[in-house]
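Down below is the structure, laid out as structure tokens.
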Amino acid sequence: MNGRVVSFTWGRGLGHVSRQIAVHSELRGLGRDSLLLTERAQRLIDDYGFAQTVLPTDADSLVGEPLHGTGPRADHGLARVMVARVLRPDDVVLHDVTVQRELYDRATLLGCPQFLVHRFQRNHPEPPAWVARHAPAIGTIYLLGEPGRAETVHGVRVLGVPHVVRPLLDDRSPWPEDTPALRIAVVAGGGGHDDAPGFLTAALHGIREYARRRAATDVDVLVLTGPHFDGAVLVPPGMPGPVRVRPYLGPAYDVYRHAHAAITHAGYNTVQELARSGVPAVAVPGIRDFDDQRVHLRAAASPNVVVAAPDAHTVARALTEALHPPTTPPGRPPAAPPRPADGATRIAHDLIAATS
């Protein structure tokens, strides 16, 4: 079987779509076509050149998820018709953490092979048991961050793979060339989650306090709110330099590599990107329904990341620690570099081997 790979990306954020782009980019390099079904149109998908179809969805569109409704009920009949029109018998379906009901049901009816990419979720403590109960047509689960694991549990093949990080298309700097200032990137999580305004306020006040403590007079701050952010960014008076606010930067820009420091939320994809870049960073874990951002930080164990609470004083102290770390005590070896995040490559090769 050499069919197209079809996936669904859920949510207002960029977490699912970012991982899917990483895997589908590898699949494209191996000769597979892709189609991404989405809850809402995503500019990031267009930037990578993948086809996308927007489905009418709500919380009831997900299999086995104890979620509250997200608004008016979606037209599931229309969603079923749309999936029936686009899904072909020779397609392969790759789910990411959540399983979309219309896609799963149609793929099961057509006999399409189905796979699931899974990262830690509090509501899925045992992914094989969850799949066996709610989505038994899924034959393989790829567990991110557990390389070396390979077993069959509850009749489901479980394969542990390294973490996944989305590739960039270029390494342009979002700052003007030869900027002499201290460059700090402030990146809200989830593409603009509900807690982004409070996070951004704490980060900017923390930068101002850090600058006053260190007598820093030239700091250039880039704030990325996320493409779905609908709040306000309140820049405090007395900032030691310009504050640029952008909703989105495409994958041609490498924000972290060109920054001297970053202040971010601690979502799965952000943590992997910070580990890849090595930039000194302050991570402010957000509160999510089923996610636990502190788990991602512990799993990555990145020596360049300092964890902070969402208040200005703590952010300022953490930024000081990140930019001016204490020297390693004599006799203590330096921290080992993180393992390469090549999970997308492993998933793509395994999926093709399993369906060819």
Side-chain angles (χ1 to χ4, degrees), residues 13-15 17-19 21-23 25-26 44 47-48 119 144-145 162-179 181-191 199-200 203 206-207 210 219-227 244 246 248-286 293-308 315 318-325 328 334-345:
L14 300 179
V17 67
S18 188
R19 276 191 304 277
I21 285 173
V23 178
S25 295
E26 295 289 340
L44 193 62
D47 284 344
Y48 280 88
R119 60 154 175 79
L144 301 183
H163 288 294
V164 167
V165 61
R166 173 172 54 84
L168 295 171
L169 299 181
D170 205 341
D171 63 349
R172 300 178 198 168
S173 172
W175 283 275
E177 290 186 14
D178 302 322
T179 301
L182 177 68
R183 299 186 294 272
I184 301 179
V186 178
V187 184
F199 160 77
L200 295 174
I207 293 171
Y210 162 83
V219 180
D220 193 321
V221 180
L222 172 66
V223 177
L224 293 180
T225 64
R244 315 169 205 274
R246 299 283 298 273
Y248 174 83
L249 280 177
Y253 292 90
D254 191 340
V255 175
Y256 295 132
R257 190 175 77 83
H258 292 281
H260 293 116
I263 305 174
T264 75
H265 273 125
Y268 173 87
N269 296 287
T270 298
V271 168
Q272 302 312 315
E273 291 166 3
L274 291 174
R276 173 180 62 187
S277 70
V279 64
V282 175
V284 182
Q293 297 195 347
R294 291 184 181 275
V295 169
H296 304 319
L297 289 167
R298 288 196 297 269
S302 300
N304 58 306
V305 178
V306 180
V307 181
V315 169
L319 188 58
T320 301
E321 182 179 346
L323 283 169
H324 312 280
T328 303
R339 293 180 177 179
D342 61 349
T345 303

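- Residues that satisfy the side chain to side chain donor-acceptor pair (under 3.5 Å) test with Tyr248, not counting sequence neighbours, are Asp47.
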Pair Val221-Ile207, side chain to side chain contact (heavy atoms under 4.5 Å, CB included): steps then yes or no: CA-CA 9 Å; Val221 180; Ile207 293 171; 4.0 Å; yes
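- Ser25 contributes a side-chain N or O that, together with a main-chain N or O of Ile21, makes up a donor-acceptor pair within less than 3.5 Å.
- Between the side chain of Arg183 and the backbone N or O of His258, at least one donor-acceptor pair lies under 3.5 Å.
- Salt bridge annotation for Arg257-Asp171: present, with a cationic side-chain nitrogen under 4.0 angstrom from a carboxylate oxygen.
- Judged by distance alone, the side chain of Arg276 and the main-chain N or O of Arg166 form a donor-acceptor pair under 3.5 Å.
- Annotation for Ala344 and Val164: closest pair N-CG2, 3.4 Å, computed over non-hydrogen atoms.
- For the pair Ala318 and Ala308, the tightest heavy-atom approach, listed with the atom from each and the gap, is CB-CB, 3.7 Å.
- A heavy-atom distance below 4.5 Å is found between the side chains of Tyr256 and Thr264.
- Within a 6.0 Å radius of CZ in Arg244, other residues, nucleotides and ligands contribute more than 12 heavy atoms.
- Distance check, rounded to the nearest 0.5 Å: CG of Asp254 to CG of Leu168 gives 5.0 Å.
- Here the side chain of Ser277 pairs a donor or acceptor atom with the backbone of Val279 at under 3.5 angstrom.
- When all heavy atoms of Ala203 and Ile263 are compared, the pair lying nearest together is CB-CG2, 3.9 Å.
- Atoms CG and CH2, on Leu222 and Trp175 in that order, are 5.0 Å from each other to the nearest 0.5 Å.
- Within the 4.5 Å cutoff, the side chain of Asn269 has no heavy atoms near those of the Val165 side chain.
- Distance check, rounded to the nearest 0.5 Å: OH of Tyr210 to CD of Glu321 gives 12.5 Å.
- Interatomic distance, Leu249 CG to Arg172 CZ, rounded to the nearest 0.5 Å: 11.0 Å.
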Run His163 and Val271 through side chain to side chain contact (heavy atoms under 4.5 Å, CB included) and show every step you take. CA-CA 10 Å; His163 288 294; Val271 168; over 6 Å; no
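- Within the 4.5 Å cutoff, the side chain of Asp170 has no heavy atoms near those of the Tyr253 side chain.
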Run the side chain to side chain contact (heavy atoms under 4.5 Å, CB included) check on Thr270 and Val187 step by step: do they pass? CA-CA 9 Å; Thr270 298; Val187 184; 5.6 Å; no
Test Leu224 against Val186 for side chain to side chain contact (heavy atoms under 4.5 Å, CB included), laying out the working first. CA-CA 6 Å; Leu224 293 180; Val186 178; over 6 Å; no
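- Considering all non-hydrogen atoms of both residues, Val315 and Gly206 come closest at CG1-CA, 4.1 Å.
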